Structures are given as C-alpha cells and as structure tokens.
Protein chains: 2
Amino acid sequence: MPTKPWSRGPWTVGASRTTELYRERGFDQTTTAEIAARAGVNERTFFRHFPDKREVLFDGQAAVRAALVEAVAESPDGLRPFEILLCAFRKAGRILEENRPFSEPRLEVIAVTPALRERELAKAASLTEALTQALRQRDVDDRLAGLAAQTGWAVFHQAVQAWIDDPSHSLDAHLSRTFEDLRTLSAAVPSTKACPGS
Amino acid sequence: MPTKPWSRGPWTVGASRTTELYRERGFDQTTTAEIAARAGVNERTFFRHFPDKREVLFDGQAAVRAALVEAVAESPDGLRPFEILLCAFRKAGRILEENRPFSEPRLEVIAVTPALRERELAKAASLTEALTQALRQRDVDDRLAGLAAQTGWAVFHQAVQAWIDDPSHSLDAHLSRTFEDLRTLSAAVPSTKACPGS
DNA sequence: GTCTATACACTGATAGAC
DNA sequence: GTCTATCAGTGTATAGAC
C-alpha cells in the first residue's frame with residue numbers, strides 16, 4: 001500500500017481509481033483532467049508517471065512479464081521449447097489467479113475498448129519477443145524460438161479465455177488441454193496438393 | 001488510377017503520397033495539415049476519408065482479408081483446419097508477392113513506428129477473428145477454430161518474415177517449412193512433471 | 001467538398017516543496 | 001535531488017454551417 005497515489009506498481013490507488021473511472025464513464029469519455037482530479041494530483045503530474053491514458057491499465061503487466069522470462073531462464077536443461085513454456089505459463093497463471101478480483105474489471109474495460117485492446121496486443125507482442133530471446137538463451141534453435149514463443153502464447157491466451165469462461169477447471173488443466181489440441185491440429189502436416197486453383 | 005485523390009482502395013494516389021511523407025519526416029513528425037496539403041485537399045477532408053492518421057496505411061489490407069476469408073469459405077470439404085489455412089495463406093501470399101514494390105516501403109514505416117505497429121497488430125487480431133468464424137462455418141470444432149486461426153496466423157507471419165529476409169526461396173516454401181517446424185514443436189506434448197517449484 | 005470553431009491528449013519550461 | 005504545480009502551447013480529431 002504505497003503512500004503516494006501514483007507510485008508505480010501493479011495495484012496502486014491511482015491505478016485502481018482510474019479503472020473505476022473507465023468503467024463508469026467509458027474510456028473515451030474519461031478526460032485526463034478527471035483522472036488527475038480523482039487521484040488528487042495535477043493533470044501534468046499524471047503524465048509524468050504514465051506516457052498516456054492507456055498505460056495506466058498495463059502497469060501491473062511488468063510482474064507477469066518478469067515471471068515468464070525468469071521462469072524460462074531458470075528452466076531445467078534438456079527440456080523442449082513447449083515444455084519450457086508450459087512451466088512458465090503455469091507460473092504466470094498463478095499470478096493471474098491470485099489477483100483475479102483486480103484483474104477482472106481491468107480485463108472487462110479492455111475488452112470493450114478498442115484503443116485499450118490495441119495496447120494490450122502491443123504488450124503481448126513485446127512479451128513474445130522477450131520470450132523468444134529467453135528461449136534462444138536456453139539454446140533453442142533461432143528459427144524455432146520465435147515460432148514457439150508466438151504459437152505458445154496463442155495457446156496461453158486461448159487457455160486463459162477458456163478458464164475465464166469455465167472456471168470449474170483449473171487454468172493448468174485448460175493449458176494442458178490446449179497444448180494437446182495444438183498437437184492434434186499440427187499432427188497432420190498440411191499438404192498443398194488439394195488447394196483449389198493452384 | 002482513381003480520379004479523386006482520396007477515393008478508397010489499396011494503392012490510391014493519396015495513400016502512397018502519405019506513405020512518402022511518413023518515410024521522409026517520420027510518422028510522428030508528420031502533421032495532418034501536411035498530409036492534406038500534399039494531397040491537395042483540406043485537412044477536414046482527410047478525416048472524412050480516414051478515421052485517423054494511421055488508417056491510411058491499412059487501406060489495402062481489405063483485399064488480403066477478403067482473399068483469406070474467401071479462400072477458407074471455398075475450400076474443399078474434408079480438409080483439416082491447417083490444410084484449409086495453408087491454401088488460404090498461399091492465396092494471400094500471391095497478393096503480397098504481386099504488390100511487393102508497394103508493400104515494402106509500407107512495411108518499413110510500420111516497422112519503425114510503434115503507433116503503426118499497434119494498429120497492425122489490431123488488424124491482425126481482427127483478421128484472425130474473421131478466420132475463426134470462417135473455419136467454424138467449415139465445420140471446424142468451435143474450440144479448435146480459434147486456436148487454429150491464431151497459431152496458423154503465427155505461422156503465416158513467421159513465414160512472411162523469413163521470406164523477406166531470404167527471398168531466394170518462395171513464400172510457399174517458407175510456409176511449408178514453418179508448418180513443419182510447428183509439427184516438430186508440438187509433437188512432444190509438454191509434460192508438467194519437470195517444472196521447478198510446483 | 002470547404003471553413004470556422006472547439007475539445008482534449010499530450011509536451012516543454014520553469015519554479016516551488018520536501 | 002526528487003517530486004510536484006502552473007502556464008502556455010502543439011497537434012489530432014470532431015462538429016456545425018455553408
């Protein structure tokens with residue numbers, strides 16, 4: 001519980017109050033003046049802590065990112081790329097589960113606001129790049145690292161969605177099943193012969 | 001060659017002139033006043049045709065999107081998800097190859113401009129959603145459709161990157177190899193046992 | 001399609017409080 | 001030296017009347 005409302009970190013007073021505002025009036029209808037007013041600081045001060053209106057909601061992502069990269073870096077030797085990633089995703093999933101009460105309203109606002117969805121996608125892209133680098137340092141082949149990070153992230157994303165829709169199973173269970181789905185999909189290497197008009 | 005400089009479409013005069021501007025001064029340093037001036041229209045007129053500065057560069061995407069969705073819709077019965085997608089990607093790839101001289105400067109600006117990369121990611125996300133729907137209508141299982149679209153898109157993206165870096169092989173060849181890579185990656189379903197600290 | 005406002009996100013400079 | 005407030009400004013995007 002930080003004393004200064006805008007000190008950085010996942011769940012600061014300022015950040016959660018801003019989330020409230022976005023949910024009340026909608027992101028587009030919320031002015032930076034209102035944000036600053038509700039947090040009790042000057043408008044200019046707001047921009048000293050965040051580069052723009054959107055970034056407030058993504059402050060907490062740093063923890064997830066750090067957990068993922070660290071997990072990859074510390075994974076045991078000899079594991080295959082998807083095995084490394086599964087461990088990392090399970091670790092990150094634990095953070096999500098612990099902070100569900102805070103995460104849910106946040107995800108709700110993002111889901112209905114195009115500008116925030118754009119930012120979320122950008123964060124994800126940056127994260128998969130970091131994962132790619134981390135995998136390379138675990139001696140994963142250069143060419144495979146990027147593909148593994150991107151498709152692995154797609155699996156994670158899909159699993160989280162499924163977990164939100166159906167919390168009766170654990171996130172871990174959803175993760176395992178989604179990886180299994182991917183194996184099924186790619187088991188049959190697509191043949192090019194049947195394409196029409198080629 | 002449209003008569004009206006701002007009529008919509010992939011490679012209009014206005015759009016390519018705007019691309020020039022972004023490359024000369026950089027996206028952030030280019031004002032909407034300059035864009036309008038170079039195209040010989042009023043600033044207000046610019047915003048009548050495009051919702052914002054970024055959208056100019058993504059006007060041509062509609063063609064690729066349409067080609068992809070159409071290819072999925074018209075794919076022969078009995079194909080598996082990744083087979084359907086490979087055919088669609090090959091078709092879309094042909095558009096890329098044909099318009100390479102126009103596409104390259106465009107991709108260059110996007111690559112170095114965070115704001116434009118965000119928009120590109122948003123477009124991609126919308127496209128994979130469309131692919132998901134199209135796959136569902138080809139009787140692909142609901143759960144698998146989203147995963148196939150997202151991971152398939154990752155393969156496509158990866159293959160296009162490889163093709164830009166190494167044009168000595170065809171895009172089709174890169175596509176096949178990348179799908180093969182994915183099969184290798186997911187052949188070993190990740191086991192959870194070896195994760196440290198769980 | 002144009003012109004004239006206008007709201008609001010965001011920036012730079014400067015100076016004061018702790 | 002670090003954090004903050006105030007002021008004045010730029011540029012994107014929108015709305016209304018023509």
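In the text below, chain A, chain B and the rest are named by the order of the sequence lines, each starting its count at 1. All figures in this text were calculated on a predicted structure; none of them were measured in a lab.
- The separation between A/Asn42 atom CG and C/dC10 atom P is 15 Å, rounded to whole Å.
- Picking from D/dA13, C/dA9, D/dT4 the nucleotide with the shortest atom distance to the side chain of A/His49 gives D/dT4.
- Both A/Arg48 and A/Ala33 lie near DNA chain C, and the one whose nearest nucleotide falls closer to the 5' end is A/Ala33.
- The distance from atom CD of A/Glu34 to atom C1' of C/dC8 is 11 Å, rounded to the nearest whole Å.
- Whole-Å rounding puts the A/Phe46 CZ to D/dT6 C1' distance at 18 Å.
- The heavy-atom pair separating B/His174 from B/Ala162 by the smallest distance is ND1-CB, 3.5 Å.
- Nucleotide D/dT12 holds its C1' atom 13 Å from the CZ atom of A/Arg54, rounded to whole Å.
- Between the CD atom of A/Gln29 and the C1' atom of D/dT14 there is a distance of 13 Å, given to the nearest Å.
- Put simply, CD1 on A/Ile35 is 12 Å from C1' on C/dC8, counting in whole angstrom units.
- Contact check, B/Thr32 against D/dG11: no side-chain N or O comes under 4.0 Å of OP1 or OP2.
- Of all heavy-atom pairs between B/Ile110 and B/Arg117, the closest is O-CG, 2.9 Å.
- Among the nucleotides C/dA13, C/dC10, D/dA13, the one closest to any side-chain atom of A/Phe47 is C/dC10.
- Counting to the nearest Å, the C1' atom of D/dT6 and the CD atom of A/Glu43 are 12 Å from each other.
- Classification of B/Glu55 and B/Lys123 as a salt-bridged pair holds, one side-chain N sitting under 4.0 Å from a carboxylate O.
- In this structure, A/Ala159 and A/Thr178 approach most closely via the heavy-atom pair CB-OG1, 3.8 Å.
- Distances shorter than 4.0 Å separate some side-chain N or O of A/Thr45 from OP1 or OP2 on D/dA5.
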Measure all distances between protein nitrogen or oxygen atoms and nitrogen or oxygen atoms of nucleotides 15-18 of chain D, and list the pairs falling under 3.5 Å.
unit_1	atom_1	unit_2	atom_2	d
D/dA15	N7	B/Arg44	NE	3.1
D/dA15	N7	B/Arg44	NH2	3.0
D/dA15	N6	B/Arg44	NE	2.8

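- Heavy-atom minimum distance, A/Phe102 versus A/Ser16: CE1-CB, 3.7 Å.
- Under a 4.0 Å N-O distance rule, the pair B/Arg183/B/Glu180 qualifies as a salt bridge.
- Atom NZ of B/Lys53 is separated from atom C1' of C/dC10 by 13 Å (rounded to the nearest Å).
- The closest side-chain donor-acceptor pair between A/Ser126 and A/Arg65 falls under 3.5 angstrom.
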